Student: 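Before I ask anything, here is the structure I am working with.
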Amino acid sequence: MSALSALPFLKPVHLRSPRSSTGGQRRHTLPASEFRCLSPEDAVSVFEIEREAFISVSGDCPLHLDEIRHFLNLCPELSLGWFEEGRLVAFIIGSLWDQERLSQAALTLHRAQGSAVHIHVLAVHRTVRQQGKGSILMWRYLQYLRCLPFARRALLMCEPFLVPFYQKCGFEALGPCEVTVGDLAFVEMQHSVRGHAFMRRNSGC
């Protein structure tokens, strides 16, 4: 059983199947909404959402397709996908990092002994944006991280215009990030995932 399936606040929400008008049997339907870790088989769907979300804004993607496959092979437990009726609509991909601040190497490495979860990317499908899905997915992801014994904090880097969004999610700005991508500069942000013993004790962790 995966760690996700053991957490009550990450259980899928199922639609009630209507009864058939002929035999009174329930028709099989896919879960209305499901949260689960991603697998390498999800990589193409992930990349399609990411490419559309980022190329129109910055001209590049945080992760290319081979990098997505790389992280989903190494640390799928640090990813989270939101599926509606079997279709991926939003996702987060993370990996472990073992230093206080992010460096250029953090873009491609998974440091298995690290205690910081580097959130590489959060993206939402264009058809379901402006519905609060990004915030909901981040909240669920942070709840999940609180149940991982090795996770102490979450780190990410974002462009300045996204700082208010992540602050609303509970992140604090650490200042300019050492990492640059082309002409883009980033703000580094942090969220503690420890110090929530009551929440962990009452969440099935």
Side-chain angles (χ1 to χ4, degrees), residues 1-7 9-15 17 27-97 106-110 112 117-145 147-148 151 154-159 162 165-166 169 171 179 181-182 184 186:
M1 178 182 292
S2 71
L4 277 175
S5 63
L7 306 183
F9 49 80
L10 292 174
K11 292 286 180 68
V13 178
H14 296 273
L15 283 174
S17 303
R27 296 183 308 193
H28 173 72
T29 60
L30 291 167
S33 191
E34 178 186 16
F35 296 86
R36 66 166 172 82
C37 295
L38 298 166
S39 71
E41 288 71 32
D42 297 310
V44 171
S45 297
V46 166
F47 184 61
E48 288 175 352
I49 293 174
E50 183 197 26
R51 180 173 56 185
E52 190 280 328
F54 284 90
I55 287 184
S56 60
V57 176
S58 62
D60 200 3
C61 295
L63 296 175
H64 294 160
L65 182 56
D66 59 339
E67 294 168 330
I68 292 169
R69 289 193 173 112
H70 171 71
F71 286 120
L72 294 185
N73 273 296
L74 281 178
C75 47
E77 72 281 2
L78 295 176
S79 68
L80 183 61
W82 186 343
F83 294 80
E84 291 189 340
E85 298 184 352
R87 181 176 69 105
L88 182 67
V89 297
F91 69 87
I92 291 173
I93 291 179
S95 66
L96 286 179
W97 186 239
L107 298 182
T108 56
L109 296 181
H110 167 61
V117 177
H118 172 205
I119 298 173
H120 292 270
V121 57
L122 180 160
V124 178
H125 194 281
R126 60 181 176 79
T127 60
V128 293
R129 288 185 198 142
Q130 307 302 316
Q131 298 178 18
K133 281 184 163 54
S135 299
I136 293 169
L137 182 63
M138 180 60 79
W139 180 85
R140 286 179 176 264
Y141 187 73
L142 293 170
Q143 301 305 305
Y144 171 54
L145 294 186
C147 294
L148 300 180
L155 289 171
L156 60 82
M157 56 187 225
C158 66
E159 293 184 74
L162 286 171
F165 168 79
Y166 287 111
C169 294
F171 285 79
V179 181
V181 178
L184 295 177
F186 302 96

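Just so you know, these numbers come straight off a predicted model, no measurement behind them.
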Student: With the side chain counted from C-beta on, respond yes when D42 and R36 share a heavy-atom pair under 4.5 Å apart, and no when they do not.
Tutor: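 Yes, at least one pair of side-chain atoms sits under 4.5 Å.
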Student: Under the side chain to side chain donor-acceptor pair (under 3.5 Å) rule, collect the residues that match up with E41, sequence neighbours excluded.
Tutor: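 E41 satisfies side chain to side chain donor-acceptor pair (under 3.5 Å) with S39 once adjacent residues are dropped.
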Student: So which heavy atom on G94 is nearest to which on Y141, and how close?
Tutor: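 Minimum heavy-atom contact is CA-OH, 3.9 Å.
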Student: Please give me the minimum heavy-atom distance between I49 and A123, naming the atom from each residue.
Tutor: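 That closest heavy-atom pairing would be CG2-CB, 4.0 Å.
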Student: Per the ring-ring contact (aromatic ring centres under 6.0 Å, His included) rule, which among H118, H120, H64 passes with F71?
Tutor: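 With F71 as partner, H118, H120, H64 yield a single ring-ring contact (aromatic ring centres under 6.0 Å, His included), made by H120.
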Student: Does F47 reach the side chain of E67, with side-chain heavy atoms less than 4.5 Å apart?
Tutor: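 Answer no - side chains too far apart.
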Student: So which of L74, V44, L63 actually passes side chain to side chain contact (heavy atoms under 4.5 Å, CB included) with R69?
Tutor: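 Only match with R69 under side chain to side chain contact (heavy atoms under 4.5 Å, CB included): V44.
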Student: Main chain of C61, side chain of R51: is a donor-acceptor contact present, judged purely on distance under 3.5 Å?
Tutor: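 No, R51 side chain to C61 backbone: no donor-acceptor pair under 3.5 Å.
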Student: Taking the side chain as everything from C-beta on, heavy atoms only, tell me whether T127 gets closer than 4.5 Å to R87.
Tutor: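 Touching, per the 4.5 Å side-chain cut-off.
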Student: Can you tell if the side chain of F186 reaches within under 4.5 Å of the side chain of L162, non-hydrogen atoms only?
Tutor: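 SC-SC contact between F186 and L162 ruled out.
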Student: For N73 and P76, which heavy atoms make the closest approach, and how far apart are they?
Tutor: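 Heavy atoms of N73 and P76 come nearest at O-CD, 3.9 Å.
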Student: Rounded at 0.5 Å granularity, tell me how far CG in L142 sits from SG in C147.
Tutor: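 L142 atom CG to C147 atom SG measures 11.5 Å (nearest 0.5 Å).
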Student: Please report the interatomic distance NE2(H70) to CD1(I93), rounded to the nearest 0.5 Å.
Tutor: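 If we round to the nearest 0.5 Å, H70:NE2 and I93:CD1 are 11.5 Å apart.
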Student: Measuring from atom CG of L38 to atom CG of L78, what distance do you get when rounded to the nearest 0.5 angstrom?
Tutor: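 Here the rounded value is 11.0 Å.
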Student: Would you say the side chain of I68 lies within less than 4.5 Å of the side chain of E50, judging by non-hydrogen atoms?
Tutor: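 A side-chain contact exists here, since the closest heavy-atom pair is under 4.5 Å.
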Student: Using side-chain heavy atoms (C-beta onward) and a distance below 4.5 Å, is M138 in contact with I92?
Tutor: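 With C-beta onward as the side chain, the pair touches.
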Student: To the nearest 0.5 Å, what is the distance between CD1 on I119 and SG on C158?
Tutor: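 Answer for the CD1-SG pair, I119 versus C158, is 11.0 Å.
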Student: Check whether any side-chain heavy atom of W82 sits under 4.5 Å from a side-chain heavy atom of I136, and report yes or no.
Tutor: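 Answer yes - side chains close enough.
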Student: On a heavy-atom basis, which atom in F54 and which in L122 lie closest, and how many Å separate them?
Tutor: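 Answer, listing the atom of F54 first, then L122: CZ-O, 3.9 Å.
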Student: Minimum heavy-atom separation for F171 to A154, with atom names?
Tutor: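 That would be CE2-O, 3.9 Å.
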Student: What is the distance from atom CZ of F91 to atom NZ of K133, rounded to the nearest 0.5 Å?
Tutor: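 The distance works out to 15.0 Å.
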Student: Do Y144 side-chain atoms and S79 backbone N/O form a donor-acceptor pair below 3.5 Å?
Tutor: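 Between the backbone of S79 and the side chain of Y144 there is no qualifying donor-acceptor contact (under 3.5 Å).
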